[in-house]
Structure formats: C-alpha cells, structure tokens
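In what follows, a structure is listed as structure tokens, so that the remarks can point back to it.
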Amino acid sequence: MWADISREFADSPSQNRVARFLLENGFGINEEGRIVCNGIEIPATHIGRAIETDRRVVDATARRILDNPALREIFLRMRAAPDLSRVAEALGLSVITLYPKDAHQKGIVGAAVAVLVDHDLPIRQIFVTDPYLAEEPKLVMIVDAPRVPASVYECLRALPQVHRLII
C-alpha cells in the first residue's frame, strides 16, 4: 500500500508527507475532502501546523486522494484505534515492546504471543507498526497484569526474531 501512495505522490514531497502523516495517525478523508478521525473533522490548518506545511497542501492532498479510486477507498474507510500503551500503568496493565531483527520476517507475532500464552498472561491489546511506514517497526503487547514475570522477558529475548525488548 505504501508503495502505491509513494508513487502517487512522487512528484510532491509535501503531499507525500501529508499522506504519510494521515496513515500513521489513522486519519481518513470524508466525501467532502475533509480530514477526519473516526468521522470527526480535523481542520486542514491543524494538520498543516502539525507537519509544518500549508493548509492548502493538506487540502490538495485530500482532493488528490479522492481522485484516485484505490486511495479513495483506503482513506474513506480509515479508522483510528485507541492505544492503551501510554495509559497502561494507570490501568494496572503492563507493556512489552519488541523490536524485530527483520520486520518482514514471518512468525514474529505468533512466537511472541505463544510466550505470553505459555505463561498464562491475558493480552488486552496488541499492535504492530507497519514496516513500510515506521522507521523502526515494533510489536507492542499490552497484558492484563501489573507485573510480568522475568521469565517472560527471558523467553521473549531468546526468540531468534528479537532484536531489542523494552519493558
């Protein structure tokens, strides 16, 4: 998907930056060409300010997306989901962040989840950053436990796919 978007906006680095920002944040576009987050409109000036570009660039990017049938379908359906990792401690949850050696390798999520299952840890949320969008892709697992046994970290670190682990 990101390759298609990059090709579409290859002639405009500023529009490419807008499209990337929208994807990274789960922002969509409505039928009127307005930026939305789960149906709530976000002014183009706010998006422009966030990525240091003019609101006209944001508006032009939205129109261009709507003119491209494939991108139109993606951005009309885009939804943002809550990320519990920043509030996990307040909720009595633990966050485990795994950075893989190669994010394109198969089986990373399955191997990590198997470790949690083997230790009888209930998973509240799990998400993976897209290796085509993120500079440093990661797997974030939020478990329903205030503390995670050291043995879990040892098992996760021992996985051949793991480059780095953050607790």
Side-chain angles (χ1 to χ4, degrees), residues 1-3 5-6 16-30 34-53 58 61-62 65 71 73-167:
M1 170 179 66
W2 181 244
I5 292 169
S6 289
N16 190 309
R17 204 167 71 245
V18 171
R20 182 182 203 103
F21 179 82
L22 297 178
L23 276 176
E24 287 174 346
N25 290 284
F27 294 163
I29 297 173
N30 66 18
R34 303 277 197 302
I35 307 301
V36 293
C37 180
N38 298 342
I40 300 166
E41 286 188 23
I42 302 169
T45 52
H46 294 177
I47 300 292
R49 194 176 310 129
I51 58 175
E52 299 179 350
T53 194
V58 176
T61 306
I65 287 171
L71 296 182
E73 285 305 307
I74 291 168
F75 282 91
L76 285 175
R77 297 174 186 211
M78 186 65 68
R79 303 262 317 151
D83 173 0
L84 297 179
S85 64
R86 297 184 75 174
V87 297
E89 188 176 348
L91 296 173
L93 308 173
S94 295
V95 179
I96 302 167
T97 305
L98 183 152
Y99 291 88
K101 290 178 182 172
D102 177 6
H104 298 284
Q105 184 180 6
K106 293 179 182 177
I108 299 167
V109 174
V113 167
V115 169
L116 299 181
V117 169
D118 288 345
H119 286 83
D120 201 31
L121 287 171
I123 300 169
R124 283 284 295 270
Q125 189 178 59
I126 187 167
F127 63 90
V128 180
T129 55
D130 190 318
Y132 295 102
L133 296 176
E135 289 181 32
E136 196 171 19
K138 62 187 174 185
L139 164 63
V140 178
M141 299 174 290
I142 301 166
V143 296
D144 201 352
R147 294 196 185 265
V148 176
S151 59
V152 171
Y153 298 115
E154 291 167 7
C155 290
L156 288 170
R157 278 194 188 101
L159 294 174
Q161 302 96 327
V162 175
H163 168 66
R164 186 174 71 196
L165 194 63
I166 296 177
I167 304 163

Heavy-atom check, side chain of Ile126 versus side chain of Val140, under 4.5 Å: no
Side-chain donor or acceptor of Gln125 paired with backbone N/O of Leu84 under 3.5 Å: yes
Gap between atom CD1 of Ile47 and atom CG of Leu22 - 0.5 Å precision: 6.0 Å
Considering all heavy atoms, the nearest Ala62-Ile29 contact: CA-CD1, 3.6 Å
pair Ile96-Ile167: side-chain heavy atoms closer than 4.5 Å: no
Chi angles and distances behind the side-chain contact (heavy atoms from CB on, under 4.5 Å) call for Ile123, Asp144: CA-CA 6 Å; Ile123 300 169; Asp144 201 352; over 6 Å; no
Check against side-chain contact (heavy atoms from CB on, under 4.5 Å), Asp102 and His163: CA-CA 8 Å; Asp102 177 6; His163 168 66; over 6 Å; no
Residue that, paired with Leu165, satisfies side-chain contact (heavy atoms from CB on, under 4.5 Å) out of Leu98, Leu159, Leu139, Thr97: Leu98
Side-chain (Ser94) to main-chain (Ala145) donor-acceptor, under 3.5 angstrom: yes
Distance, nearest 0.5 Å, that separates CG of Asn38 from CE of Met78: 11.0 Å
Steps toward side-chain contact (heavy atoms from CB on, under 4.5 Å) verdict (Cys155, His119): CA-CA 10 Å; Cys155 290; His119 286 83; 3.7 Å; yes
Straight-line distance of Thr129 OG1 to Tyr99 OH, nearest 0.5 Å: 8.0 Å
Any side-chain heavy-atom pair of Val36 and Ile40 under 4.5 Å: no
Flag if over 12 foreign heavy atoms under 6.0 Å of CD, Glu73: yes
Minimum side-chain heavy-atom gap Phe75-Phe27 below 4.5 Å: no
Nearest heavy atoms of Leu156 and Val162, plus distance in Å: O-CG2, 3.1 Å
CA sep, side-chain torsions, deciding dist, call: Glu41, Asn30, side-chain contact (heavy atoms from CB on, under 4.5 Å): CA-CA 8 Å; Glu41 286 188 23; Asn30 66 18; 3.5 Å; yes
Shortest non-hydrogen contact from Ile42 toward Cys37: CD1-CB, 3.7 Å
Heavy-atom side-chain proximity of Leu93 to Pro146 below 4.5 angstrom: no
Approximate separation, where rounding is to 0.5 Å, of Arg157 CZ and Glu154 CD: 8.0 Å
Lys138 side, atom NZ; Ser85 side, atom OG - distance, nearest 0.5 Å: 7.0 Å
Flag if over 12 foreign heavy atoms under 6.0 Å of CD, Glu136: yes
Side-chain touch Ile5/Leu23, heavy atoms, less than 4.5 angstrom: yes
Approximate separation, where rounding is to 0.5 Å, of Leu71 CG and Ile65 CD1: 6.0 Å
4.5 Å side-chain heavy-atom contact, Thr61 and Val58: no
Taking every non-hydrogen atom, the tightest pair across Met141 and Ala112: SD-CB, 3.7 Å
Closest non-hydrogen atom pair, Gln161 against Ala111: NE2-CB, 3.8 Å
Lys/Arg N to Asp/Glu carboxylate O, Glu24 vs Arg17, below 4.0 Å: no
Over all atoms of both residues, closest heavy-atom pair of His104 and Pro131: CE1-CB, 3.8 Å
